[in-house]
Amino acid sequence: MLDIKYIRENSDKVKKAAIDKLVKVDIDRLLALDESIVTINQKLDVMKEERNILSSKIPNLDANEKQKAVEYVRSLKEKITTLESEIFPLKEEYTTLMYLVPSVPFDEVPIGKTDEDNVEIKRVGVVPTFNFELKDHVTLSEELDLVDIPRGVKIAGSRSYYLKNDGLILEMALSRYVIDKLISKGFTPMAVPLMVKEEAMYGTSYFPGGREQTYTITEDNLYLVGTSEVSLVSYHSGETFESENVLPKMYCGLSNCFRREAGTYGKDTRGLYRVHQFTKIEQVILCEADYDIQYKLHDFLLNNAEEILQDLKIPYRVVKVCTGDMGNGQVRKHDIEAWMPSRGKYSETHSCSSFNDFQARRSNIKYKDKDGNLKYCYTLNNTAIASPRILIPLLELYQNEDGSITIPDVLVPYMGKTKIERKQ
RNA sequence: GGAGGAGUACCCAAGUGGUUAAGGGGCUUGUUUGCUAAACAAGUAGAUUUCGUAAGGGAUGCGAGGGUUCGACCCCCUCCUCCUCCGCCA
């Protein structure tokens, strides 16, 4: 959510942002509503003041005067009620529009419509060549009994799977290695609620836009999170930090993530790339409302993810995400795409975003600055590791001609072995 | 799941329909005394928004949202949170 004052004073920028982000929202209508609401509210305030003054005098009046006064205030009350019923639909429309208004991306963000317009800024690592025919992760994991997709589909429908044997251990090893790394960088590790209230979904700006991607538990009015970012950002919702000295707050959340993947029917159907339920460790930072601080922390988050891929010796590229491929609230975003041999291309494994105060405003997270002013925090997040998607490059790049998988060096201590081999 | 109770400021807590939401503790400032400290006095109800160059005024605000009323912390409804007891349970 943006500050209405900002929208009033920068309507051209906001309109351009909406066009660039492919968001349909009528800013002129919003501003007209804002003006009407303010005008009516002013009238209401004057009438309410009169009502308050008069009604407070009523107990001291004699019977005759009292009756007159009550009648007058009653008529005043009717006018107030009428005005309030006029303003109500305006406020509703205003709120609906406010939730749709996107944040204004930084100037550096490329303008474009889809992920094809994202701009590659670097490639790291060398795509290896093999002198034998490569198997894809589905074949490898079937042969080594690491994953069972057919039975996942039998039990839970399409895009479902079982992780088995060293497949599970590998995921746990990755998780533990990543958490240890992030702890060493100052993050507080957390396991988070996977089911959250609607406020948390709105507060992190996944709602109203992302409703159809979200699993709903109707009976209890709860929602399954698509990322622990929802729970981590909401952790401090409604709170005010007493001083900027306690910032930044750095958290990493381990969670299962649930995504309906509505509208992706027929897309990425093979294997573990696009599934309804996965495991992810997410980095989240709340920081001061300062461009430079946020900028540096964004680069820090991005670098952490890159280090993880470098440790795993997975070749990747980093792209600047274009306006059309950005979320509503994001002002700067980078994706990291890992090389996936079976897809023959780099594909997204990490996504790093800065929000300015877009989420903090909705979640009401503030801090008191040096001068005692209350300000909304800035929020940022990035993937640290998401499995099973990361298993695609991992299994495919670490496969050997005999069908075994070499364990990356950094994971050996967590796996307790150096190879996954076919059971005899 | 069943039966009760509670939510007021940084903390405790009074307030059951009427002007300015008691009182403690803590905190801040001041006065006093040789120190730790004590006593006394004053200040401590946030936050949002609107009008105004400003000084200052208005509206909202007692867990959240509605309702009744001329007027609601107080009465009614819904929801959230916490506590006690019973039942169930990894």
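In this text the structure is predicted, and so the values were computed from the model without any measurement.
Salt-bridge formation is not detected for the pair A:D292/A:K296: no Lys NZ or Arg NE/NH1/NH2 atom is positioned less than 4.0 Å from an Asp or Glu carboxylate oxygen. Salt-bridge annotation for A:D166 and A:K417: present, with a side-chain N of the basic residue lying under 4.0 Å from a carboxylate O of the acidic one. Salt-bridge annotation for A:K43 and A:E86: absent, with no side-chain N of the basic residue lying under 4.0 Å from a carboxylate O of the acidic one. With respect to the salt-bridge test (charged N to carboxylate O, under 4.0 angstrom), the residues A:D335 and A:K320 do not qualify.
For A:K366, there are no salt bridge (Lys or Arg N to Asp or Glu O under 4.0 Å) partners two or more places apart in sequence or in a different chain. Taking A:Y235 as the reference, nothing meets the side-chain hydrogen bond (donor to acceptor under 3.5 Å, both in side chains) condition, with sequence neighbours excluded. A:K267 is linked by a salt bridge (Lys or Arg N to Asp or Glu O under 4.0 Å) to nothing, counting only residues two or more places apart in sequence or in another chain. Remark: A:Y94 engages no residue in a side-chain hydrogen bond (donor to acceptor under 3.5 Å, both in side chains) (not counting sequence neighbours).
Straight-line distance between the P atoms of B:rU28 and B:rC82: roughly 33 Å, to the nearest whole Å. B:rC62 and B:rC12 are spaced 16 Å apart, taking the C1' atom of each and rounding to whole Å. When the P atom is compared between B:rA55 and B:rU60, the two are found 23 Å apart, to the nearest whole Å. A gap of 11 Å separates the C1' atoms of B:rG61 and B:rC73, to the nearest Å. B:rC85 and B:rU48 have their C1' atoms separated by 42 Å, given to the nearest Å. Taking atom C1' in both B:rG17 and B:rC75, the straight-line distance is 8 Å, to the nearest Å. Look at the P atom in both B:rA47 and B:rC10: the space between them is 9 Å, to the nearest Å. B:rU78 and B:rG4: their P atoms are spaced 14 Å apart (whole Å).
In the 5' to 3' direction, nucleotides of RNA chain B lying under 4.0 Å from heavy atoms of chain A begin and end at B:rG18 to B:rU81.
The closest side-chain donor-acceptor pair between A:N400 and A:T406 falls under 3.5 angstrom.
Position along RNA chain B of the nearest nucleotide to A:N60 versus A:K5 favours A:N60 as the more 5'-ward residue. Ranked by how close their nearest RNA chain B nucleotide is to the 5' end, A:V70 and A:L374 are led by A:L374.
Between A:K135 and the options A:E143, A:Q399, A:E396, A:E142, a side chain to side chain donor-acceptor pair (under 3.5 Å) holds for only A:E143.
When both pairing distances are held under 3.5 Å, B:rG23 makes a Watson-Crick or G-U pair with B:rC12. Nucleotide B:rU48 is matched to B:rA59 when pairs are restricted to Watson-Crick or G-U wobble geometry with both distances under 3.5 angstrom. Across all strands shown, B:rC86 is found opposite B:rG1 as a Watson-Crick or G-U wobble partner, with both distances under 3.5 Å. Using the Watson-Crick or G-U wobble rule with both distances under 3.5 Å, B:rU53 pairs with nothing in any strand shown. When both distances must be under 3.5 Å, the Watson-Crick or G-U wobble mate of B:rU36 does not exist. In this structure, B:rU28 and B:rA42 make a Watson-Crick or G-U wobble pair, each of the two defining distances being under 3.5 angstrom. Look at B:rU68: it lacks any Watson-Crick or wobble partner with both distances under 3.5 angstrom. Pairing partner, B:rA6: B:rU81, with both Watson-Crick or wobble hydrogen-bond distances short of 3.5 Å.
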Starting from the C-alpha separation in whole Å, work towards a yes-or-no answer on side-chain contact (heavy atoms from CB on, under 4.5 Å) for A:K77 and A:M47.
CA-CA 9 Å; A:K77 190 199 166 190; A:M47 290 161 77; over 6 Å; no
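Residue contacts shown for A:K197 are limited to sugar-phosphate atoms, with no base heavy atom under 4.0 Å away. A:K366 comes within 4.0 angstrom of the backbone, heavy atoms only, and of no base. In this structure, A:L76 reaches neither bases nor backbone, as no heavy-atom distance under 4.0 Å exists between it and the strands shown.
Proximity of residues 40-53 of chain A to RNA chain B (heavy atom under 4.0 angstrom from any strand atom) is restricted to A:Q42, A:D45, A:K48, A:E49, A:R51, A:N52.
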